[in-house]
Amino acid sequence: MTSVALMLSCVAALLATVVLAAFIARSRLATPAIYSLSLGISAIAFSTGLVQLSSPAADSPALVLPFGLPWLGAHFRLDPLAAFFLVVVNLGGAFASLYGLGYGRHEHAPHRVLPFFPAFLVGMNLVILSDDAFTFLLSWEFMSLASWALVMAHHRDAGNRRAGYIYIVMASFGTLALLLAFGLLAGPDGAYGFAAMRAAQHTPFTTGLVFVLLMLGAGSKAGLVPLHVWLPLAHPAAPSHVSALMSGVMTKVAVYGVIRVLFDLVGTPAWWSSLVVLLIGGGTAVLGILHALMERDLKRMLAYSTIENIGVVFVGLGLALAFKDAGMELAAALAMTAALFQVLNHSFFKSLLFFGAGAVLTQTGERDLEKLGGLIHRMPVTAFAFLVACVAISALPPFNGFASEWLVFQAILQSPDLPQWALTILVPAVGGLLALSAAVAAACFVRAFGIAFLGQPITEASAGASEADRFSLAAMAILAALCLLAGILPGIVIDALSPVTKLLVGGRMPVQTDVPWLSIVPVAESRSSYNGLLVFLFIGFSAWLSATVIHRFASRALRRAPVWDCGFPGIDATMQYTAGSFAQPARRVFGTLVFRARERVDMPPPGALIPARFELEFHDLVWEGLCLPVAGAVGFVAEKLNHLQFLTIRRYLSLVFLALVLLLLVLALWS
Amino acid sequence: MQGPVYFDIAHMLAGGLVLVSMMMLYQDRLYALLNVFALHSLLLTLSVAWQAFIQGAPHLYVTAAIALIFKVVVIPVALHHMIRKLGIHREIETVVGIGATMLAGIGLVALSIVVMLRVTPEADPLTREDLAFALSVLLLGLLIMVTRRNAVSQVVGFMSLENGLVLAAAGAKGMPLVVEISVAFSILIAFIVIGVFLFRIRERFDTVDVRALDDVRGRRRK
């Protein structure tokens with residue numbers, strides 16, 4: 001049995017799970033049964049992908065099934081790129097299933113979640129496996145619809161319904177753009193197989209148009225600014241393990257779509273593609289993380305941070321595109337490795353963060369940061385895992401986030417060798433944007449962890465929390481361990497990615513496992529190297545040393561003392577540092593420009609009994625400047641076209657007649 | 001069996017069909033319109049028969065016979081009968097002026113010839129021009145349907161459109177008989193349906209002016 005056949009059997013098994021779930025969803029055994037099945041199947045699919053990725057003879061087994069378009073069939077293929085993304089998808093799927101075993105027990109409407117969860121996994125797997133445009137688009141739409149159903153799982157909440165509506169509008173728009181892109185690639189003969197697209201010669205006009213449509217279609221799914229508006233609404237609306245899948249994995253499927261078309265199918269993309277990808281990536285990173293810093297809803301903050309990470313990935317892709325165009329294979333391989341490594345890492349820590357947020361949500365019933373606090377004493381394991389993920393996503397060594405972002409910056413440092421002067425000027429500027437976003441990300445996650453887990457509980461809900469169940473804890477603990485492992489042994493991951501970069505950009509990074517002491521050397525020893533293990537040992541040792549010294553010589557016994565209250569008596573938990581106050585400096589610096597934020601304080605005159613008021617005004621410029629006008633225009637046109645519903649038969653005939661004449665005229669003038 | 005004479009005769013018959021279509025455009029009386037339609041169908045019969053002769057395709061004679069029986073005799077007679085019964089042999093009100101309609105018709109003929117000559121440079125010249133004429137007849141039929149308000153004249157426009165289709169079908173070699181019969185019968189069915197429909201309108205609104213129908217829809221809308 002080839003690996004493609006094995007993969008498709010996994011998909012078929014997941015489909016069977018969907019059917020099973022639809023029948024038994026209301027029974028008590030349904031939740032453990034469905035999630036264990038998904039876990040098992042995802043694990044098998046994960047190992048298949050891993051074996052295919054690491055097998056030295058990386059040929060690309062293909063399979064044609066008699067489904068889909070009758071003259072085309074459904075083509076499936078498993079090349080190194082697909083194998084890597086299948087690893088990401090199925091690893092995420094397996095952890096979400098494991099977490100769901102525990103989390104699913106708190107679900108009050110399991111019949112709205114259980115059938116769609118495996119269906120969502122099926123959709124994502126099929127998108128990556130498919131080797132023709134028809135199967136790709138069908139699976140893409142299947143994935144969108146399954147995730148939409150999961151977003152709408154708690155549809156009684158008006159906010160979720162609105163999120164679902166905006167999501168389905170954006171998803172349909174994205175699929176339409178992709179459909180047109182593939183139509184252009186297929187050409188007038190309708191060659192919808194990916195092999196035929198790869199072989200065909202595309203004109204520069206076609207490649208340019210395909211690029212724009214691709215950025216609209218797959219970019220909206222990935223959450224690129226300014227098409228990101230649905231993401232912070234839809235991702236948090238779903239149950240938390242599904243949020244983890246959507247944020248950690250589904251956005252990666254969109255990245256896969258971009259890579260597949262841009263690096264594989266198109267041939268040589270237009271020269272300005274890399275410029276656009278870089279600019280959009282940098283802007284997405286900064287805007288996403290600034291939004292995250294202002295956000296007080298924990299899950300929505302994580303969704304905004306996903307947008308930032310997607311921006312980082314796209315900066316990597318843009319660099320790879322630019323280097324590939326310039327024929328710098330080594331640098332292109334470095335940038336591509338950085339982007340793919342970031343994809344893998346983000347799937348780890350974002351899943352972990354959403355699991356943590358889900359655990360907090362089930363225990364306290366709160367997503368609002370301002371109402372949490374002091375959870376580290378009540379949920380110590382969750383807090384530790386969440387802290388690991390926060391450190392990793394803030395790109396601090398020795399965790400995995402640092403390794404991949406460091407590689408991105410190494411790739412940026414290669415840019416002076418680029419031939420186009422526009423790029424040599426622009427790339428360092430994008431690097432500056434990335435540095436800014438990394439710093440803001442660190443602030444953002446200090447805020448998230450500090451406000452939610454440290455300090456004193458503000459509300460009853462967070463005071464009464466207890467530790468999460470063991471399945472959730474297991475999923476979080478393993479993910480935290482993976483974050484550390486990928487951080488201290490990045491060389492193994494980089495070497496595992498080499499078949500993918502060889503396929504996409506024609507080169508690979510130097511072999512890392514031969515470098516002594518488990519260091520990684522992206523270009524040459526003389527330029528830069530990083531050793532995660534040494535950093536980890538140093539941090540561990542110095543932390544242990546300082547803890548010992550302090551406890552031995554300074555503060556042997558635990559003492560409890562009153563807080564210094566600045567001479568203001570009656571201090572309580574509500575007077576702690578809040579999420580809003582933590583974000584205020586950044587809001588004052590960036591907010592006035594990016595969000596047109598305005599603060600107003602109304603102090604009552606001395607002696608008056610009315611309370612002082614603080615008002616904060618906030619604008620989402622993308623929403624107000626782009627989405628609302630477009631929606632308004634669509635509504636206006638629809639209103640005008642509504643008259644067409646009530647024409648006479650003769651008028652309808654005239655319309656048909658005029659359309660026919662017009663088309664004939666075009667034919668007469670064009671050919 | 002091809003030569004300049006055969007070609008010219010086929011050409012003349014098809015061109016005659018276009019000419020009669022143009023004649024239909026300016027008929028402002030129902031009886032006259034029906035007579036011109038009968039002439040139209042007669043020309044179609046001749047044209048199809050001629051095609052049968054030069055292509056040596058006997059099944060086309062069947063098509064010609066069907067056209068002769070139904071379109072030249074049965075349908076015009078039945079419509080005559082219907083008009084008399086309804087008592088509507090008064091003037092047809094055209095929506096656009098006759099001059100403008102004629103100009104539009106000329107434009108359509110020119111358009112279809114340009115399109116056909118451009119699109120099919122490699123095809124057999126006989127088939128090619130035959131198709132150009134067929135397209136003209138089709139477009140003119142549609143033009144009649146669009147410019148008339150009276151239901152009977154819309155029926156006539158629809159059937160002249162079908163004549164254009166049959167002309168195209170006969171011109172294309174090797175079209176099986178089954179298809180042609182189905183085309184012929186579809187016209188018959190359309191005629192029956194529209195006939196019944198006309199009587200129903202008449203019963204209900206005392207007119208065959210389709211504007212009456214619009215009024216009903218308009219009322220439902222509110």
Side-chain angles (χ1 to χ4, degrees), chain A residues 69-72 165 179-180 182-192 196-197 199-206 209 631-671, chain B residues 93-96 101 103-122 131-132 134-136 138-151 153-155 157-158 161 164 194 197-198 201 208-222:
Chain A
L69 294 180
W71 61 91
L72 186 69
Y165 176 67
L179 179 72
L180 296 177
F182 280 120
L184 280 173
L185 280 177
D189 303 329
Y192 286 104
M197 289 183 189
Q201 286 290 324
H202 304 289
T203 61
F205 179 73
T206 314
L209 210 56
V634 170
F636 178 76
V637 172
E639 185 71 27
K640 292 285 154 200
L641 288 182
N642 196 23
H643 292 293
L644 287 183
Q645 304 254 1
F646 304 106
L647 291 186
T648 63
I649 300 171
R650 204 176 56 77
R651 288 248 167 82
Y652 283 129
L653 272 178
S654 314
L655 282 182
V656 171
F657 180 61
L658 285 179
L660 181 65
V661 169
L662 199 71
L663 288 177
L664 287 176
L665 265 179
V666 168
L667 198 61
L669 295 176
W670 198 277
S671 54
Chain B
E93 34 179 330
T94 46
V95 178
V96 188
T101 318
L103 281 177
I106 291 167
L108 288 177
V109 173
L111 175 69
S112 55
I113 288 174
V114 169
V115 167
M116 274 305 162
L117 295 192
R118 285 245 180 137
V119 174
T120 58
E122 302 96 21
L131 279 178
L135 184 63
S136 316
L138 203 146
L139 287 178
L140 289 174
L142 206 51
L143 185 65
I144 295 170
M145 288 184 78
V146 167
T147 51
R148 305 287 167 124
R149 281 232 169 93
N150 189 295
S153 46
Q154 284 192 349
V155 172
F158 176 68
L161 185 155
I194 294 173
F197 170 66
L198 273 181
I201 304 173
V208 278
D209 194 325
V210 284
R211 265 181 302 186
L213 289 182
D214 301 335
D215 290 346
V216 177
R217 284 174 36 129
R219 233 174 280 140
R220 287 242 177 92
R221 197 175 138 192
K222 275 151 204 160

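We name chains A, B, ... by the order of the sequence lines, and we start the count at 1 in each one.
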Sorted by chain and residue number, the side chain to side chain contact (heavy atoms under 4.5 Å, CB included) partners of A/Leu644 (sequence neighbours excluded) come out as A/Leu641, A/Leu647, A/Leu655
Rounded to the nearest 0.5 Å, what separation is found between the CZ atom of B/Arg118 and the CG atom of A/Leu664?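 So the gap between those two atoms works out to 13.0 Å.
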How would you list, in number order, the residues of residues 104-114 of chain B that have a heavy atom less than 4.5 Å from chain A?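 Counting heavy atoms that sit under 4.5 Å from chain A, the residues of residues 104-114 of chain B involved are B/Leu108, B/Leu111, B/Val114.
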A/Ser654: side chain to side chain donor-acceptor pair (under 3.5 Å) partners, not counting sequence neighbours: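 None.
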Does atom CZ (A/Phe657) have a neighbourhood of more than 12 heavy atoms from anything else shown, all under 6.0 Å? yes
Restricting to ring-ring contact (aromatic ring centres under 6.0 Å, His included), what partner residues turn up for A/Tyr192, sequence neighbours left out?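 A/Tyr192 satisfies ring-ring contact (aromatic ring centres under 6.0 Å, His included) with no residue once adjacent residues are dropped.
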